[in-house]
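All chains are named by letter (A, B, ...) in the order of the sequence lines, taking the proteins before the strands, and each is independently numbered beginning at 1. Since this is a predicted model, take the numbers as computed values, not measurements.
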Amino acid sequence: MMTTDFQQFFQSVFEPELLQEINVTGFQKEFMEGDIIIDIADNVKFMPLLISGIIKILREDDDGNELLLYFLEKGNTCAMTLTCCIGNAQSEIRAIAETEVCLIMIPVQKMDEWMAKYKTWRAFVLQSYQNRFMEVLDTVDSIAFLNMDKRLLKYLANKVKISNTNIIESTHQQIADDLNTSRVVISRLLKTLEKQKQVELNRNSIKYLLH
DNA sequence: TCATTAACACGGG
DNA sequence: CCCGTGTTAATGA
């Protein structure tokens, strides 16, 4: 059973026959905030299409430190899943529900079949690759070339952009985890941003005051 | 110079 | 009382 949400969003992207097939083979799955959707070393058997909510994609080092790679929004899919499906490999990333999330799960076998059968599917998959690759490049650039204050601003701006509100409900510790730094640094940088009238600070929330 | 770690005080829920 | 926040001091890259 497919929701109207799904119809509305993907209608413009996929042709009717493909929509029909998705209807038949896909199934809906929901996650609560904080749920792990895909973990590192998981075998990927389904390809998720994001209907609603936001998913955080992150990487982890040997010591268990997490690093945010990018967020997925409505209409996106996980590029890691795509590579895993093709190579029949394990996930290199962890996907966590940033908000409540609604997904359509597509069995991986359908991936190949549809690549040949539907132009729109092919275009969608390639476009997803392209988009995610650019996001990762952007993140790499940030880490390599930007100081933590710029990275923080970019992080805040991005959060504002995807959540459609200028209030970011995070603790300093959560932000520090995402950017793989310490809370002391985030607290100090946020404080200077506040003095510069770029943000307003409250417990558990940050109001972003630019544009 | 700037980040990290540990430690501490403050205050709201 | 617990947790998030703001700050400092010591240490390191």
Are the charged groups of [X] and [Y] less than 4.0 angstrom apart, N to O?
X	Y	answer
K56(A)	D178(A)	yes
K117(A)	E17(A)	no
R59(A)	E66(A)	no

Taking the side chain as everything from C-beta on, heavy atoms only, tell me whether F71(A) gets closer than 4.5 Å to I55(A).
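They are not in side-chain contact.
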Side chains of L50(A) and T77(A) in contact at under 4.5 Å (non-hydrogen atoms)
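No - every pair of side-chain heavy atoms lies 4.5 Å or more apart.
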Between atom [atom1] in [X] and atom [atom2] in [N], what is the gap in whole Å?
X	N	atom1	atom2	value
N147(A)	dC2(B)	CG	P	8 Å
H172(A)	dT4(B)	NE2	P	16 Å
Q173(A)	dT5(B)	CD	C1'	12 Å
L201(A)	dC10(B)	CG	P	20 Å
D177(A)	dT4(B)	CG	P	12 Å

Using a heavy-atom cut-off of under 4.0 Å over every strand shown, decide if [X] touches base, sugar-phosphate, or nothing.
X	answer
N204(A)	sugar-phosphate
T171(A)	sugar-phosphate
N202(A)	sugar-phosphate

Return the residues of residues 184-197 of chain A meeting this criterion: a heavy atom under 4.0 Å from some atom of DNA chain B. Order them by number, or give none.
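Heavy-atom cutoff 4.0 Å gives V184(A), V185(A), R188(A).
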In terms of heavy-atom contacts, does CD of E169(A) have more than 12 from other residues, nucleotides or ligands at under 6.0 Å?
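Counting neighbours around CD of E169(A), 12 or fewer heavy atoms of other residues, nucleotides or ligands fall under 6.0 Å, so no.
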Listing request: all side-chain hydrogen bond (donor to acceptor under 3.5 Å, both in side chains) pairs with a residue in residues 185-194 of chain A, at least two apart in sequence or in separate chains.
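Matches after skipping sequence neighbours: H172(A)-S187(A), R183(A)-S187(A), K191(A)-E194(A).
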Given E15(A), which partner from the list L18(A), L19(A), V13(A) fulfils the side chain to side chain contact (heavy atoms under 4.5 Å, CB included) test?
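The side chain to side chain contact (heavy atoms under 4.5 Å, CB included) with E15(A) is passed solely by L18(A) among L18(A), L19(A), V13(A).
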Nucleotide range of DNA chain C contacted by chain A, 5' to 3', under 4.0 Å to a heavy atom?
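So the outermost contacting nucleotides come out as dC3(C) to dT8(C).
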Any chance you could measure T99(A), atom OG1, to I162(A), atom CD1, to the nearest 0.5 Å?
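Rounded to the nearest 0.5 Å, the OG1-CD1 separation comes out at 8.5 Å.
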